[in-house]
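Throughout, a chain's letter reflects where its sequence line sits, starting with A, and its residues are numbered from 1. The shown structure was predicted, so the numbers you read here are calculated from the model rather than taken from an experiment.
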Amino acid sequence: MEKFKSLPAATRSTIITYAMVVIAFLIMQGLLSVGAVSNSTQGLLVPICAYICMAISLNLVVGISGELSLGHAGFMSVGAFTGVVVSTALAGSGTSGPVRLLVAIFAAGVSAAIAGLLIGIPVMRLRGDYLAIVTLAFGEIIKNLLNNLYVGLDVRGLHFSMSDAASLGMAEGGKVVINGPQGAVGIDMISSFTAGFLLILFTLFVVLNLVNSRSGRAIMAVRDNRIAAESVGINTTKYRLMAFVVSAALAGMAGALYAMNYSAIVPKKFDFNTSILVLVFVVLGGMGNIRGGIISATLLTVLPEKLRFIGDFRMLIYAIVLIAVMLVSNNRALMERLHGLAGRFRKKGRAPSPAVASKDGGDLS
Amino acid sequence: MTRTEGTYKAQAAAAGKRDAAKQRERTKMVPVVTDSIIPERDAGQTILECRHLGIDFGGLHAVEDFNLTVGKTEIAGLIGPNGAGKTTVFNLLTKVYAPTRGTILLDGMDTANMTTDQVSQAGIARTFQNIRLFDTLTVEENVRIGLHNQVKCGMWSGIFRLPRYWLSEKEFHDRSLELLDVFNMADNAGDIAGSLPYGAQRRLEIVRALATSPKLLLLDEPAAGMNPSETAELMEIIRKIRDEFKIAIMLIEHDMDLVMGVCEGIAVLNFGRIIAKGTPDQIQANPQVIEAYLGTQETDDATVRGGR
C-alpha cells in the first residue's frame with residue numbers, strides 16, 4: 001500500500017482504472033457462473049462493453065482533445081458493418097469464432113480510422129460549434145450511405161452496389177450480407193462478454209498510454225491553450241487529427257463488437273441519438289475523466305432496461321436521474337459532505353474504493 | 001501544339017519567379033543605414049533582422065516600416081505607449097499574424113512561408129502578456145510540452161510503450177527538471193500550473209519557452225503585476241538566461257526601471273513606427289520619446305502633426 005501511494009498520481013489513477021474494470025469483470029463472471037444473472041441482464045453485457053469502449057474513445061476527442069464531436073455513432077457503424085462483412089467472408093474458411101472476431105474487430109478499426117481520417121482532414125479546419133455541427137452532418141452522411149449500401153458474398157468473392165440487391169450480380173447460392181436499409185441479417189453472433197472485456201482493456205490501454213506520452217501531452221496542450229501550443233512548436237492540426245482518428249478507430253472496434261452480438265443490425269441503429277447517448281456518458285462521467293465515463297456508460301445502459309417495468313415512464317425517470325446527477329455533482333456543499341463521509345470510512349481502516357477516488361473529477365483516467 | 005504551349009508555360013513560370021525574386025529584392029535590398037541598436041556588440045552577428053516589416057488591419061497601419069536587427073546575445077527592449085503596436089510586432093515575428101509587407105530573417109533564414117509552430121522550431125520562443133500556460137497540467141508537463149520538438153517519440157511508440165517511449169520519457173523528465181532547477185522551480189514540478197502564484201506562473205512561462213531551445217526569446221511584459229523586489233529578481237533572471245543560454249532576448253515592458261536596467265539597446269515604437277533607437281541613456285534623453293510618453297504642449301501641436 002505504501003509503495004502504491006508513492007507512485008506518481010497519473011500512474012496510480014491508471015492502475016485504479018484497470019483494477020476497477022478487472023474486478024467488475026471477475027464479479028460478473030462469478031455471478032454468471034452461479035446463475036445469479038437474469039437473461040435480460042446477460043443480453044446487456046456485450047452492449048455495455050461496447051458502450052464503455054465508445055465512451056472511452058469519445059472521451060479522447062471530447063475530454064482530452066477538447067473538441068465536441070456529435071457524429072461518433074457514424075464511426076461505430078462503419079466498424080459494425082465492416083466487422084460483419086469480414087466475419088461473414090471468413091465464415092467459410094473454417095477459422096474459429098474468436099479468431100474471426102479478432103480479425104473482424106481489427107478490420108473494423110482500420111476502416112473506421114480511414115473514415116475518421118477522410119472526415120477529419122476537412123473537419124479539423126474548424127473549431128468549437130462549427131466542428132460539432134459538421135461532425136453531426138458527417139454522422140448522418142455515413143448513416144445514409146450505409147442505408148444505400150448493398151454487399152453480397154458468393155463463390156467469386158464480395159460484391160458491392162449502391163442501388164439494390166439485384167444489381168449485385170451474384171452467382172448461384174450467393175448471400176446478401178448487407179441489404180441496404182434492412183441492414184445486415186443472419187450475423188454469426190460471435191461476440192462474447194470476455195471479448196468485450198478484452199476490448200475494453202485494449203481501448204483503455206490505447207487511450208491511457210496515448211495520454212501519458214509525448215503525443216498525448218501535445219493533444220492536451222492544444223486543448224488547454226492553442227496559441228501557446230503553437231508557440232512551443234506543436235502542429236495543432238496534426239495532434240487534433242491524431243486524437244480524432246484514434247478515437248474513430250476505437251469506436252469502429254466497439255461497433256464491430258456490438259454488431260456481432262445480434263443476429264441482425266440496421267444502419268438506423270447508429271443515428272444521431274446514439275451519438276448523443278455516448279456524449280451523455282462522457283459528460284456525465286466528467287469530461288476527460290475516463291473512469292467516470294466507464295461508470296456512467298454502465299449505469300445508463302442498465303437503467304432503461306431495469307426501468308422497463310414502469311413502461312412509458314422509464315424515459316422520464318431516466319431524464320430525472322440525469323438531471324439529478326448533474327445537479328448533485330455540481331453542488332459543492334453536498335460533494336464536500338460526501339467526501340467527509342468517505343474520509344470517515346477510510347479512517348476505519350478500509351481501503352479507498354475506486355468510486356471515492358474518482359470523485360475528484362477532472363483528473364485524467 | 002504541345003510544344004508552343006509548353007514553352008509558353010515555362011516562360012510564364014520563369015516570369016513569375018522573376019517577379020517574386022524582384023519583390024523580395026525590393027523588400028530586402030533597400031539600403032538601410034544600420035538598424036542595430038548597438039552595432040558594436042556581437043560584431044555584426046545578428047540573429048533577427050526585420051526589413052520594412054508592416055501589417056495593416058483594414059485601413060489601419062498597425063505596424064509600418066519596422067526595421068530592426070538584434071545581435072546574437074543582445075538584450076533588446078521594445079517600448080512605447082499603449083496601443084503602439086509592440087505586441088503586434090511580437091505576433092508578426094512569431095507568425096501569429098502574417099505580415100502585409102516586409103521580411104523577417106531569423107539567423108539569415110527567411111521566415112516568409114513558415115507557420116507559428118515552424119517559427120518556433122526555427123528558434124523563436126515567446127511568453128505572453130496575459131499568461132498562457134497549460135493550466136490543467138502540472139509544471140513538469142508544461143516544460144515537457146516545451147521540449148516537444150527536442151525529444152522525439154512517435155504515436156505508436158507512445159501507445160505500445162516501445163523502448164523509444166521509455167528512453168524519451170526519461171529524457172523528458174531529466175531535461176525538464178534540469179531546466180526547472182535553473183529557476184529554482186524543481187520542487188514545484190508536480191504542482192498544477194494553474195494553481196501557482198502569479199510570479200511563479202510568469203517564470204514557468206519563461207522556462208517553457210526556453211525548453212524549445214530558442215535562439216531568440218521574446219518576453220511580452222514579463223514584469224507586469226510584479227512588485228519591485230520580484231522585478232529585481234526578474235532582471236537577474238533575464239541576465240542569467242542570456243549568460244547561461246547564450247541567446248538573444250527581446251522584451252516589451254512598461255516598467256522603466258527594468259527596461260533601463262537590463263536592456264542594452266532600446267527601440268521606441270509609437271503609432272506602429274519606430275521613433276527612436278539607442279542605448280538606455282540615449283533613449284532617456286531623446287525629446288521625441290519624452291513627447292510620445294508625456295505628450296506635448298498645446299502650442300507645439302501643429303508642428304507635431306506635421307512631424308508625423
Practice task
Flag yes if more than 12 heavy atoms outside A:Y130 fall under 6.0 Å of its OH atom; otherwise flag no.
Solution key: no
Exercise for the section: Please say whether more than 12 non-hydrogen atoms of neighbouring residues, nucleotides or ligands are located less than 6.0 Å from NZ in B:K240. Expected result: yes
Fill in the blank from the handout: Comparing A:S213, A:A228, A:S215 against chain B, the one with the most heavy-atom pairs below 4.5 Å turns out to be A:A228
Problem - Among the listed options A:L210, A:T236, A:N235, the residue most often paired with chain B at heavy-atom distances under 4.5 Å - result: A:N235
Problem - Residues in residues 242-256 of chain A that sit under 4.5 Å from chain B, counting heavy atoms only - result: A:M242, A:V246
Exercise for the section: Go through the side-chain N and O atoms of A:T82 and A:S111 and say whether any donor and acceptor fall under 3.5 Å apart. Expected result: yes
Under a 4.5 Å heavy-atom cutoff, which of [options] has the most pairs with chain A?
options: B:Q118, B:H148, B:E169, B:R126; value: B:H148
options: B:R161, B:Q121, B:R208; value: B:R161
options: B:T115, B:T94, B:V151; value: B:V151

Handout entry: Ring-face cation of A:R217 near B:F172 (centre distance under 6.0 Å, axis angle within 45°)
Key = yes
Handout entry: Stacked cation flag B:R203 on B:Y198, 6.0 angstrom / 45 deg
Key = no
Is chain A contacted by the side chain of [X], its backbone, both, or neither, given a heavy-atom distance below 4.5 Å?
X: B:S168; answer: neither
X: B:V119; answer: neither
X: B:K95; answer: neither
X: B:L133; answer: backbone

Can we say [X] and [Y] salt-bridge, meaning some charged N sits less than 4.0 Å from an Asp/Glu carboxylate O?
X: B:D107; Y: B:K72; result: yes
X: B:R175; Y: B:E171; result: yes
X: B:E205; Y: B:R132; result: no

Problem - Gap separating the CD1 atom of B:I124 from the CG atom of B:L48, nearest 0.5 angstrom - result: 6.0 Å
Exercise for the section: Could you give me the CA-CA distance, side-chain angles and deciding distance for B:K86 and B:E221, then say whether salt bridge (Lys or Arg N to Asp or Glu O under 4.0 Å) is met? Expected result: CA-CA 10 Å; B:K86 305 181 295 293; B:E221 297 201 19; 5.4 Å; no
